Amino acid sequence: MLALKLATGSTLNGNVYVSNPLSPIVGSHSTEPGVPPQESQDRWFKSDLLRREVNLSELYELSQGELDLIMAETATIRSDPDSSRNNRGKFVVAGYVLELAKIISDRRANQSS
């Protein structure tokens with residue numbers, strides 16, 4: 001189950017419809033330094049592997065092991081051809097989470113070498 005919370009969105013029958021996903025951020029989640037504003041937007045992914053909801057900006061705080069679990073879980077969702085048709089919102093947010101998690105993981109690997 002995906003929980004997606006956007007200030008500019010509306011919910012109908014459990015699906016989230018966003019008028020403009022690129023609109024200015026309203027009600028950002030994190031004000032931590034180093035977290036870009038676009039990752040501070042309230043986008044939540046309910047992870048079955050971590051057994052909790054994870055906000056997009058929280059990816060910066062996860063341990064590498066947790067980040068690996070999120071990447072595996074979101075990659076599974078993105079690779080499932082039925083996922084896009086069955087739950088478009090979950091499919092899209094899984095893409096955001098997967099790509100940001102990859103970037104964070106790559107940066108960590110480059111900093112440690």
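Everything numeric in this text was worked out from a predicted model, so none of it was measured.
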How would you list, by chain and number, every residue that makes a salt bridge (charged side-chain N to carboxylate O under 4.0 Å, His left out) with Arg85, sequence neighbours excluded?
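So Arg85 forms a salt bridge (charged side-chain N to carboxylate O under 4.0 Å, His left out) with Asp82.
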
Residue list, side chain to side chain contact (heavy atoms under 4.5 Å, CB included) with Ile103, at least two apart or on another chain:
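Once residues adjacent in sequence are excluded, the partners of Ile103 under the side chain to side chain contact (heavy atoms under 4.5 Å, CB included) criterion are Arg107.
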
Backbone N or O of [Y] within a donor-acceptor pair of the [X] side chain at under 3.5 Å?
{"X": "Thr74", "Y": "Met71", "result": "yes"}
{"X": "Ser105", "Y": "Ala101", "result": "no"}
{"X": "Gln111", "Y": "Arg108", "result": "no"}
{"X": "Arg78", "Y": "Phe91", "result": "yes"}

Closest heavy-atom contact between Thr76 and Ala72?
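Taking Thr76 first and Ala72 second, the nearest heavy atoms are OG1-O, 2.9 Å.
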
Heavy atoms only: give me the nearest Trp44-Val93 pair and the separation to one decimal.
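For Trp44 and Val93, the tightest heavy-atom pair comes out as O-CG1, 3.8 Å.
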
Pair Val54, Val97 - check side chain to side chain contact (heavy atoms under 4.5 Å, CB included), show working.
CA-CA 9 Å; Val54 177; Val97 172; over 6 Å; no

Walk me through it: do Ser47 and Glu53 pass the test side-chain hydrogen bond (donor to acceptor under 3.5 Å, both in side chains)?
CA-CA 6 Å; Ser47 171; Glu53 291 180 346; over 6 Å; no

Return each pair, listed once, that meets salt bridge (charged side-chain N to carboxylate O under 4.0 Å, His left out) where at least one residue sits in residues 67-76; pairs must be two or more places apart or across chains.
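Of all non-adjacent pairs touching residues 67-76, none passes salt bridge (charged side-chain N to carboxylate O under 4.0 Å, His left out).
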
For side chain to side chain contact (heavy atoms under 4.5 Å, CB included), just list the numbers for Arg52 and Glu58, CA-CA rounded to whole Å, side-chain angles, deciding distance to a tenth of an Å, and then say yes or no.
CA-CA 12 Å; Arg52 65 183 174 95; Glu58 288 178 67; 3.4 Å; yes

Derivation and outcome, side chain to side chain contact (heavy atoms under 4.5 Å, CB included), residues Ile77 and Phe45
CA-CA 12 Å; Ile77 292 167; Phe45 177 77; 3.6 Å; yes

What's the separation between atom CG in Leu67 and atom CG in Leu62, rounded to the nearest 0.5 Å?
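Leu67 atom CG to Leu62 atom CG measures 6.0 Å (nearest 0.5 Å).
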
